[in-house]
Amino acid sequence: MNTEYNPSELLICLASRVMEDGNTAFIGTGIPMLAASLAQNMHAPNLIAVFEFGGTGAILEKLPLAVGDTRTFNKALHASGICDIMESAQRGFIEYGFLGGAQIDAYGNLNSTAIGDVLKPKVRLPGSGGGNDVGSCCWRTIAIMKHDKRRFMEKIDFITTPGFISGPGAREAAGLPPNTGPYRVVTNLCVFDFDEKTKRMRLISLNPGVTIKDVKENTGFEILVADNVEQNAPPTEEELTILREKVDPDGLYR
Amino acid sequence: MNTEYNPSELLICLASRVMEDGNTAFIGTGIPMLAASLAQNMHAPNLIAVFEFGGTGAILEKLPLAVGDTRTFNKALHASGICDIMESAQRGFIEYGFLGGAQIDAYGNLNSTAIGDVLKPKVRLPGSGGGNDVGSCCWRTIAIMKHDKRRFMEKIDFITTPGFISGPGAREAAGLPPNTGPYRVVTNLCVFDFDEKTKRMRLISLNPGVTIKDVKENTGFEILVADNVEQNAPPTEEELTILREKVDPDGLYR
Amino acid sequence: MENKCIPILYEGEGSIIQPADLNAFRELNRKKNKKLESKLMTEEEAVDRFVKSGDYIGFELYGTVRSPMNMVRALIRSGKTDFRLAGQGVHEADLLLGANLIREIDFTYIGLEVFGVSGNVRRRVESGDVHNVVEWSNAALTWRFKAAAMGIPFMATKCMLGSDTLKRSAAKVIECPFTGEKLALVPALILDVGFIHVNRADKYGNCQIDGISGFAFEMGRACKKLIISAEEIIETDEIREAPDRTIIPYYLVDAVVHAPYASWPGEMSNSHEKDVDHYNFYLSKQKTQEGMDEYLKEWVYDVPNHQALLKKIGHDKLESLKL
Amino acid sequence: MENKCIPILYEGEGSIIQPADLNAFRELNRKKNKKLESKLMTEEEAVDRFVKSGDYIGFELYGTVRSPMNMVRALIRSGKTDFRLAGQGVHEADLLLGANLIREIDFTYIGLEVFGVSGNVRRRVESGDVHNVVEWSNAALTWRFKAAAMGIPFMATKCMLGSDTLKRSAAKVIECPFTGEKLALVPALILDVGFIHVNRADKYGNCQIDGISGFAFEMGRACKKLIISAEEIIETDEIREAPDRTIIPYYLVDAVVHAPYASWPGEMSNSHEKDVDHYNFYLSKQKTQEGMDEYLKEWVYDVPNHQALLKKIGHDKLESLKL
């Protein structure tokens, strides 16, 4: 068994570890799907995966390739539609939501709409999709990001999906449901949570071989650092085996 | 074949004749069910019967006894729920709606809520049910009523279901969809339509053996009378045969 | 920006018997157990654990069809009282009113279908035992559930406009900010406890309903506590084989009660017919309070549970009702 | 009564590309043919009869799954243009943008899923060929269909609050007249023409979908004209045997096109897999306009119809994709 791993495999394992057995997670395309499948095969056999277009409680035997493919409702407990899923989220039923984006700021706001002025964009991006809904309605959102200065910015060009917006109280003032918001940011360098008082991103753990300095140099805003920054364990042999042999045997993410 | 008929049989035949082939009708409990089934067996094989709790396009081989019984979706084209049906009506899909009530006024407003003051009722009635929705959203409503002065009143105690409310323009002023409202009132004595100008009930045809005087004596408000009052044909032998042998073989309505 | 607003043109005079707090509902939904754990229990245990006096309750059904009468009978026997009711009902509401357990009603329809006005409704409402009645249409009441199920505080509709039903409701009429048309807004309604009888469920509460589904989808998502009774209990594998047949997923459910013939004397689609003889007997008894009291004593209070009831009805009778 | 009103706290700066006239929609729904008459026709006939340049159009699908690509290709070949689009899409929107047929978009997501940003989206939006873009979330767009399907002019939601998505939408933020909380109101959206691919339909347009149903229920009820394409045509008797499986009833439908492999190169639940080879080929071509033009010429313009396309793909390839 080759215990070397690539950045995607690390991200998948880190995201997987956040997922809780017997709880609900809103799963988007890509890394969250692999993470959910890995979690079901590891510590969270009863992770309830919820997919945007209607699948709830599937057994992820084969890796879904899109949020609406047949595998998202494989042996599922419920196959409905996007309204049922989004309304369940709005009603408070979905604990974790996974998000991505082209840009993120210190408050966990995400941009997946446009680089530059949205009315005359330099780069037109794919848009919110369900991202805004996940960020608005799920209890705890986890952003999975590639870590560099062009992505971790002091001021992003467009808030597609609200994080803590401008800081403490801003979500509530905007009318978003109380006690919701960004929970973790998982990157190829580290994991952040959010400071209770300022609602800004705070470094809590480092990936193997990464230093606080590395993180700072690759982040376009000032980061908070937890008192005890922990070390993220590298993917275990068990994780890698399951990931490569069971979750992604075709090696789409290698 | 006994060609004598009772008042219910006459009402059923009159209501049946209003139903159009290849059009939609919102069917309530009782006489409308028999009328719809008779119509499907006579002139309207493709009458699309719509039942409040979700049945659309059933073949009424056996008489439904309630708006939610299995027969309301017997070989139906669609079995959904009350929201789908009511929303289809609100969206304009249902042409005819059948209504009943304890009291009706000259504008076709119906009371099925309370006799006397609703806050201290002399008689508490069963309430709107879907009646208000049918009267609000279907294009043309047909009330089926027993005809006497305590039911046909100048002023009813409570408008459960709006007819033309207080006259021309009143439905539109209240915000109800344009071009909707009462179409016919079918009674054991006669059939009314509504005068284009005043929106008041107008006698257009008399049941066999009934005179205009009879109608006036049994109506608690001044009625308009069409220039040519027609005679309603009595139930035909064919109608009675189908009604008794096929639609209601158990004689529930005899 | 300039000071814009949407005119409120009219407000119904009825009270909001059960105001919806959507943020509290979110917190409650968050805490609901998402684990796959058996919720099988008896009617008595479900009532004991999840219902308390004064609760706002509701039953999903159509007339006497698919009605969780087993739960109604257990509720009456429990001694709990002073309920507030989402009033779209027939026989089940009639029993509760007959037993004088209801104080307030969001009233859309409580009657006896083709048999007309109910003696129990008349006695309880006319006497003031039910001290607060607010009127709605069937669609309006269901859309109130639907709003709650969607996690929003109201739904707009054209229904009820121009009627006294509107006047005695708690709806508000506004001018649409997009089209200028008049609309009634009806507030979300969240039940303290909802009761639904289904064709089949697994032990976790994943439910299937055959044919039409009334307002099960909406009401099932608008309850703080949801008690499911099921004609049949099936394996979860069967649920997983046809997940598009699940109408209520397990995580909404607090109790699963296995109860064949739960709707008796009413009918159950694809399962059994109405017991016309018994229903006619009931119709004759409910005319007077004395008759009703006798009926309740013999058929509810003196029958300890649903199994005993089925025994009392008798095997031959039950067999004869089968579809 | 006193002068009450609901404050409008904020209005999005985006325009309403397709304002909903619900009374006109009612009239149109009233006139829709309710008779059971065959609506079977080809893609070309459906486009010819029911689509015109400038129409506001929309496709129901999930990613590349269950996508009516047959209709998209027929649309491109028809020469009709200047469409306005409900923008929840992947490959189908990409082809339309590649062919430069779109002028305005209610944009929620147009991309290539895991493959990211689409070259066609970038070229058309950044150049201004698409001259008006209004932003929404997926839920907001679907709830706009749902409002239209319900016959009401708006839906309330907590989504989009606090974001620039809201700012560039046409939603309005109000203070709830029941709870005081902030809500975004999103306006009903009625398509001129909607396109939905289903697992099976009868010739009248009664449709079944297996498993998840995306937004077919809502969008199917929010179209002035609805074109159904079906993997399989079945007898109406089969529909009548399981009416609870009907998701779109015939009376909503204007055309029924029989088209196996309609979603190719995308996948169809319970039927066939994605053609990964072809999709990768497509991904490489869409990077440049030249590549895209070549792709469109070879795989759309030069292929007269869906049957010819299936022949061009080849029997062996199609067989290999079967589930």
What part of I85(B) is in contact with chain C, defined as an atom under 4.5 angstrom from a non-hydrogen atom: side chain, backbone, both or neither?
-> neither
Just by modelled atom types, is the T160(B) backbone N or O under 3.5 Å from a matching donor or acceptor in the T165(C) side chain?
-> yes
Comparing L183(C), V125(C), L112(C) against chain B, the one with the most heavy-atom pairs below 4.5 Å turns out to be V125(C)
Using a strict cut-off of less than 4.0 Å between a Lys/Arg side-chain nitrogen and an Asp/Glu carboxylate oxygen, indicate whether E87(B) and K146(C) qualify as a salt bridge.
-> yes
May I ask you to name which of F145(C), W136(C), Y109(C), F215(C) has the most heavy-atom pairs under 4.5 Å with chain B?
-> Y109(C)
E154(B) CD: over 12 foreign heavy atoms closer than 6.0 Å = yes
Which of G129(B), S136(B), G81(B), A173(B) touches chain C most, by non-hydrogen pairs under 4.5 Å | G129(B)
Evaluate side-chain contact (heavy atoms from CB on, under 4.5 Å) for T72(B) paired with I212(C), printing each intermediate quantity in order.
-> CA-CA 9 Å; T72(B) 64; I212(C) 58 172; 4.1 Å; yes
Ignoring hydrogens and angles, tell me if any N or O in the side chain of K182(C) forms a donor-acceptor pair with the backbone of L176(B) under 3.5 Å.
-> no
Under 3.5 Å donor-acceptor, Q90(B) side chain and T157(C) backbone = no
Non-hydrogen atoms of chain C under 4.5 Å away: do they reach the side chain of F158(B), the backbone, both or neither?
-> both
Select one option (side chain, backbone, both, neither) describing which atoms of F107(C) are under 4.5 Å from chain B's heavy atoms.
-> side chain
Residue pair E135(C), S128(B): steps toward the side chain to side chain donor-acceptor pair (under 3.5 Å) verdict = CA-CA 8 Å; E135(C) 309 291 330; S128(B) 159; over 6 Å; no
Heavy-atom closest pair, residues P162(B) and S163(C) = CD-CB, 4.1 Å
Could you check F217(C) against C83(B) for side-chain contact (heavy atoms from CB on, under 4.5 Å), going step by step and ending with a plain yes or no?
-> CA-CA 10 Å; F217(C) 185 95; C83(B) 282; over 6 Å; no
Of the listed residues (G111(C), S137(C), G162(C)), which shares the most heavy-atom pairs with chain B below a 4.5 Å separation?
-> S137(C)
Find the one option among P126(B), G175(B), C137(B), A79(B) whose heavy-atom pairs under 4.5 Å with chain C are most numerous.
-> P126(B)
Between A174(B) and L161(C), what is the shortest heavy-atom contact and its length?
-> O-CB, 3.4 Å
Minimal heavy-atom distance between P121(B) and E126(C), with the atoms involved, is O-CG, 3.5 Å
Closest non-hydrogen atom pair between A139(C) and D133(B), with its separation | N-OD2, 2.9 Å
Pick from H78(B), K122(B), R71(B) with the largest number of heavy-atom pairs that fall under 4.5 Å of chain C | K122(B)
With side-chain contact (heavy atoms from CB on, under 4.5 Å) as the test, would you mind laying out the steps for L65(B) and K274(C) before giving the verdict?
-> CA-CA 10 Å; L65(B) 297 173; K274(C) 183 189 257 184; 5.7 Å; no
Contacting region of S80(B) [heavy-atom separation from chain C under 4.5 Å] = backbone
Atom pair CD1/CZ of I159(B) and R168(C) - distance to nearest 0.5 Å = 15.0 Å
Under 4.5 Å to a heavy atom of chain C? For V123(B) that would be both
CD1 of I110(C) to CG of L125(B): how many Å apart, nearest 0.5 Å?
-> 13.0 Å
Validate the cation-pi geometry between R66(C) and F53(B): distance from NZ or CZ to the six-membered ring centre under 6.0 Å, angle to the ring axis within 45°.
-> no
N132(B) and M160(C) have their tightest heavy-atom pair at OD1-N, 2.9 Å
Minimum heavy-atom separation for F73(B) to S269(C), with atom names?
-> CZ-OG, 3.9 Å
Is it the side chain or the backbone of R171(B) that comes within 4.5 Å of chain C heavy atoms, both, or neither?
-> neither
Which atoms of D210(C) come close to chain B, meaning under 4.5 Å heavy atom to heavy atom: side chain ones, backbone ones, both, or neither?
-> backbone
Of the backbone (N, CA, C, O) and the side chain (C-beta and beyond), which part of S112(B) lies under 4.5 Å from a heavy atom of chain C, both, or neither?
-> neither
With a 4.5 angstrom heavy-atom cut-off, which part of S118(C) approaches chain B: side chain, backbone, both or neither?
-> neither
If one checks every heavy atom of L61(C) against chain B at 4.5 Å, the contacting part turns out to be backbone
Interchain contact, A184(C) with chain B, by part (heavy-atom threshold 4.5 Å) | neither
Residue part contacting chain B, namely of E13(C), when any heavy atom lies under 4.5 Å | neither
Apply the test side-chain contact (heavy atoms from CB on, under 4.5 Å) to residues R124(B) and V117(C): give CA-CA distance (whole Å), side-chain angles for both, the deciding distance (0.1 Å), then the verdict.
-> CA-CA 8 Å; R124(B) 173 67 218 200; V117(C) 186; over 6 Å; no
Just how far is it from atom OG1 of T142(C) to atom CE of M86(B), taken to the nearest 0.5 Å?
-> 7.0 Å
What is the distance from atom CD of Q88(C) to atom CD1 of I82(B), rounded to the nearest 0.5 Å?
-> 6.0 Å
